[in-house]
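Report on the structure given below.
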Amino acid sequence: MTLAFELASLQQVREPQAVVVDARRWAQNVGVVSTDFDAAHAFSAEYLIRRDFLVRPTQSNFQRICSQLKTERHVLVGVASNRPDYLPQPHWEYLSLGDAADAASWDLETTETTPQTESTPWLNRILRTQE
């Protein structure tokens with residue numbers, strides 16, 4: 001499987017790195033979709049996310065990925081409730097973040113779980129283990 005995450009979807013999970021690591025257990029390729037490459041690079045660096053590709057959300061980019069990464073399935077996880085217009089059919093499936101999180105037991109970020117500090121989630125975990 002080739003799995004692509006919209007950047008906005010990764011920004012809404014509690015532990016983005018853990019989500020990508022989990023996805024790599026059953027997906028051969030994991031990538032990020034964003035119109036803002038600088039934001040995607042910064043987010044990937046901050047959360048130590050290893051991605052196989054980074055693309056802009058256009059139909060031609062998704063067709064190119066499909067032809068380059070020959071897997072049985074190609075799935076996009078996004079924040080919209082409906083399939084985006086740019087996603088080519090029939091080669092790509094769409095899964096909303098809520099459905100994907102439910103199926104994979106990923107925790108979504110809520111106002112109750114949002115850290116009140118400006119430190120990274122990684123640093124928060126380190127600090128909590130040393131208390």
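- Residues V30 and W26 are members of one and the same hydrophobic cluster, defined by side-chain heavy-atom contacts under 4.5 angstrom among Ile, Leu, Val, Met, Phe, Trp and Tyr.
- Looking at D52 and T2, their side chains never come closer than 4.5 Å, going by heavy atoms from C-beta outward.
- By the side chain to side chain donor-acceptor pair (under 3.5 Å) test, R73 is found to be paired with E93, residues two or more places apart in sequence or in another chain being considered.
- Take H41 and apply the side chain to side chain donor-acceptor pair (under 3.5 Å) test, not counting sequence neighbours, and it matches R51.
- At a threshold of 4.5 Å between non-hydrogen side-chain atoms, the residues L97 and V13 count as touching.
- Here the closest non-hydrogen pair linking F62 and P57 is CE1-CA, 4.0 Å.
- At least one side-chain heavy atom of W92 sits under 4.5 Å from a side-chain heavy atom of R83.
- With hydrophobic clusters built from ILVMFWY side chains whose heavy atoms lie under 4.5 angstrom apart, F5 shares a cluster with F37.
- A 4.5 Å side-chain heavy-atom check between D36 and L7 finds every atom pair outside the cut-off.
- The CD atom of E46 lies 11.5 Å from the CD atom of Q17; values are rounded to the nearest 0.5 Å.
- In this structure, N61 CG and L87 CG are separated by 12.0 Å, a value rounded to the nearest 0.5 Å.
- The line from CG of L69 to CG of L3 is 12.0 Å long, rounded to the nearest 0.5 Å.
- Residues V32 and F43 are not in side-chain contact: their nearest non-hydrogen atoms beyond the backbone lie 4.5 Å or more apart.
- By the salt bridge (charged side-chain N to carboxylate O under 4.0 Å, His left out) test, D107 is found to be paired with R14, residues two or more places apart in sequence or in another chain being considered.
- Atoms OH and CD, on Y47 and E15 in that order, are 10.0 Å from each other to the nearest 0.5 Å.
- Each salt bridge (Lys or Arg N to Asp or Glu O under 4.0 Å) pair with one or both residues in residues 61-72, not counting sequence neighbours, would appear here, but there are none.
- When the side chains of ILVMFWY residues are joined at heavy-atom separations under 4.5 Å, either directly or via intervening members, I65 and L95 end up in two distinct hydrophobic clusters.
- Nearest heavy-atom pair, F53 versus N29, reported as atom, atom and distance to 0.1 Å: CE2-CB, 4.3 Å.
- Under the side chain to side chain donor-acceptor pair (under 3.5 Å) criterion, R25 pairs with D22, sequence neighbours left out.
- Counting heavy atoms from C-beta on, the side chains of L54 and S44 never come closer than 4.5 Å.
- Residues I49 and P16 come closest through the heavy atom pair CD1-CB, 3.8 Å.
- Residue pairs meeting the side chain to side chain donor-acceptor pair (under 3.5 Å) criterion with at least one partner in residues 3-12, sequence neighbours excluded, are E6-Y86.
- Criterion: ILVMFWY side-chain heavy atoms under 4.5 Å apart, direct or through other members. Under it, V19 and L108 are part of a common hydrophobic cluster.
- Here H91 contributes atom NE2 and C66 contributes atom SG; the two are 5.5 Å apart, rounded to the nearest 0.5 Å.
- Of all non-hydrogen atoms in P84 and L76, the two that sit nearest each other are CG-CD2, 4.0 Å.
- Between T71 and Q28 the shortest heavy-atom distance is CG2-OE1, 3.0 Å.
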